[in-house]
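Presented below is the structure to which this report refers.
Letters A, B, ... mirror the listed sequences (proteins, then strands); counts begin at 1.
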Protein chains: 2
Amino acid sequence: MDEVFKALADNSRRSLLDRLHARNGQTLNELCEGLAMTRQAVTKHLVILEEANLVTTIKRGREKLHYLNPVPIHQIGERWIKKFERGKLAALGELKRQLEKRDE
Amino acid sequence: MDEVFKALADNSRRSLLDRLHARNGQTLNELCEGLAMTRQAVTKHLVILEEANLVTTIKRGREKLHYLNPVPIHQIGERWIKKFERGKLAALGELKRQLEKRDE
DNA sequence: ATAATAGGCAACTAAATGGTTGCATGTCAA
DNA sequence: TTGACATGCAACCATTTAGTTGCCTATTAT
């Protein structure tokens, strides 16, 4: 879980996921196109995404295809974000109350 | 949005949010209790959470109360995670198909 | 008034991070 | 088979990050 949060913390990596979401199964070179980064930098980001299990790769001859794995993202939503949804209104109410009390 | 992802990337910060979720409105010293970290380290984490707008603070005399703001977490769910929910099954199907093709 | 308490500020450090360059390897096509 | 193409590996660099220590300030309680 920590690995997933860490992987998602970088904007370059989030846009790589966006690109795969737009078109799945891209090669490394395709994913590099239009980015202000060397291929090696992109590789490093992809390795981090792979280690977080957000991307799965398959070698096809001399190229490597990258596939988005949406499961860890879904788990963040289910196991982490939802926890804070419960009690959200209570927390907001409490916050509002305290902020108003401040100005008395 | 980037600030929020960065703030959530650290486990210490996520557990501070957990603590506030369990009991809202705690002081700095209360939040330090039982942690293997100096007060100043905790302060730094709280500043990052504040800058990401995940925590709001109110000064009450000599102490500072910390309140959880669940809105940015909710926004991550709505604006980011949901985007990947759409097409999740398609992506998984594609992934499965390619993984099977690999072994032919 | 003074001591204790709650917190703030700043300088410093070690390690992690995001990036680079240079070179090596494996695969495909002429 | 030789050159071009796709990717991998490793060393290096600058910046950021997570943490520390030491000291300062403001508020409360005795």
Side-chain angles (χ1 to χ4, degrees), chain A residues 1-20 23-68 98 101-102 104, chain B residues 1-20 23-68 98 101-102 104:
Chain A
M1 196 105 223
D2 190 54
E3 270 189 320
V4 179
F5 273 111
K6 286 232 157 53
L8 295 181
D10 185 274
N11 190 50
S12 302
R13 286 193 288 270
R14 289 198 304 279
S15 35
L16 284 170
L17 292 179
D18 281 338
R19 281 168 159 242
L20 287 178
R23 188 162 68 82
N24 215 351
Q26 295 188 62
T27 66
L28 173 56
N29 268 329
E30 285 171 336
L31 287 170
C32 286
E33 273 166 30
L35 293 186
M37 233 188 301
T38 59
R39 176 176 54 84
Q40 288 82 349
V42 176
T43 298
K44 285 197 181 181
H45 285 304
L46 288 170
V47 166
I48 290 170
L49 291 171
E50 275 189 74
E51 282 171 352
N53 206 25
L54 283 157
V55 163
T56 301
T57 62
I58 296 163
K59 288 197 78 173
R60 267 267 178 279
R62 65 179 158 182
E63 41 191 29
K64 193 176 185 181
L65 306 181
H66 297 77
Y67 289 90
L68 178 64
Q98 293 300 326
K101 210 198 287 181
R102 191 189 50 184
E104 282 169 11
Chain B
M1 196 107 219
D2 189 54
E3 271 189 321
V4 179
F5 273 110
K6 286 234 157 54
L8 296 181
D10 187 274
N11 190 51
S12 302
R13 287 194 287 271
R14 290 199 303 279
S15 38
L16 284 170
L17 292 179
D18 282 339
R19 281 169 158 241
L20 288 179
R23 188 161 68 81
N24 214 351
Q26 295 188 63
T27 67
L28 173 58
N29 269 329
E30 284 171 336
L31 287 170
C32 287
E33 273 166 30
L35 293 186
M37 233 188 302
T38 58
R39 175 176 54 83
Q40 289 81 348
V42 176
T43 299
K44 286 195 180 182
H45 284 304
L46 288 170
V47 166
I48 290 170
L49 291 170
E50 275 189 74
E51 282 171 352
N53 205 26
L54 283 157
V55 163
T56 301
T57 62
I58 295 162
K59 287 198 76 174
R60 267 269 179 276
R62 67 178 158 182
E63 41 190 30
K64 194 176 184 181
L65 307 179
H66 297 77
Y67 290 90
L68 177 65
Q98 294 299 327
K101 209 196 290 178
R102 190 188 50 184
E104 282 171 9

Are the side chain of A/E30 and the backbone N or O of A/T27 linked by a donor-acceptor pair below 3.5 Å?
yes

Start at the 5' end of DNA chain C and walk down; is the nucleotide closest to B/K44 or to A/D10 reached first?
B/K44

A/N29 side chain N/O closer than 4.0 Å to the phosphate oxygens (OP1, OP2) of D/dC5?
no

Once you round it to whole Å, what is the distance between P of C/dA16 and CD of A/E51?
14 Å

To the nearest Å, give me how far apart CD (B/E30) and P (C/dG7) are.
8 Å

When B/V42 and A/T43 are each assigned the nearest nucleotide of DNA chain D, the 5'-most assignment goes to A/T43

Is A/R13 reaching over with its side chain to a backbone N or O of A/I48, donor-acceptor style, under 3.5 angstrom?
no

So, do B/M37 and B/S12 sit near enough that their side-chain heavy atoms are less than 4.5 Å apart?
yes

To the nearest Å, how far apart are A/D2 CG and C/dA16 C1'?
13 Å

Atom-to-atom span, CG of A/L49 to P of C/dG18 - whole angstrom:
11 Å

Euclidean distance, atom CE of residue A/M37 to atom P of C/dT21 [Å, nearest integer]
14 Å

Quick check for you: among D/dT7, D/dT20, C/dG7, whose closest atom lies nearest to any side-chain atom of B/T38?
D/dT20

State, yes or no, whether a side-chain contact exists between A/L65 and A/N24 at a heavy-atom distance under 4.5 Å.
no

Between D/dC9 atom C1' and A/L46 atom CG, what is the distance in whole Å?
16 Å

Closer than 4.0 angstrom, basic N to acidic O: yes or no for B/E33 and B/R19?
no

Sub-3.5 Å pairs of nitrogen or oxygen atoms, protein against nucleotides 22-26 of chain C:
unit_1 : atom_1 : unit_2 : atom_2 : d
C/dG22 : O6     : A/Q40  : NE2    : 3.2

Is the phosphate of C/dG19 approached by A/H45 (side-chain N or O, under 4.0 Å from OP1 or OP2)?
yes

Between C/dG19 (C1') and A/I48 (CD1): distance, integer Å
11 Å

When the distance from CZ of A/R60 to C1' of D/dT7 is rounded to whole Å, what number comes out?
16 Å

Identify whether the distance between the nearest side-chain nitrogen and carboxylate oxygen of B/R14 and A/D2 falls below 4.0 Å.
yes

Can a donor-acceptor pair be found, under 3.5 Å and without considering hydrogens, that links the side chain of B/H66 to the backbone of B/T57?
no

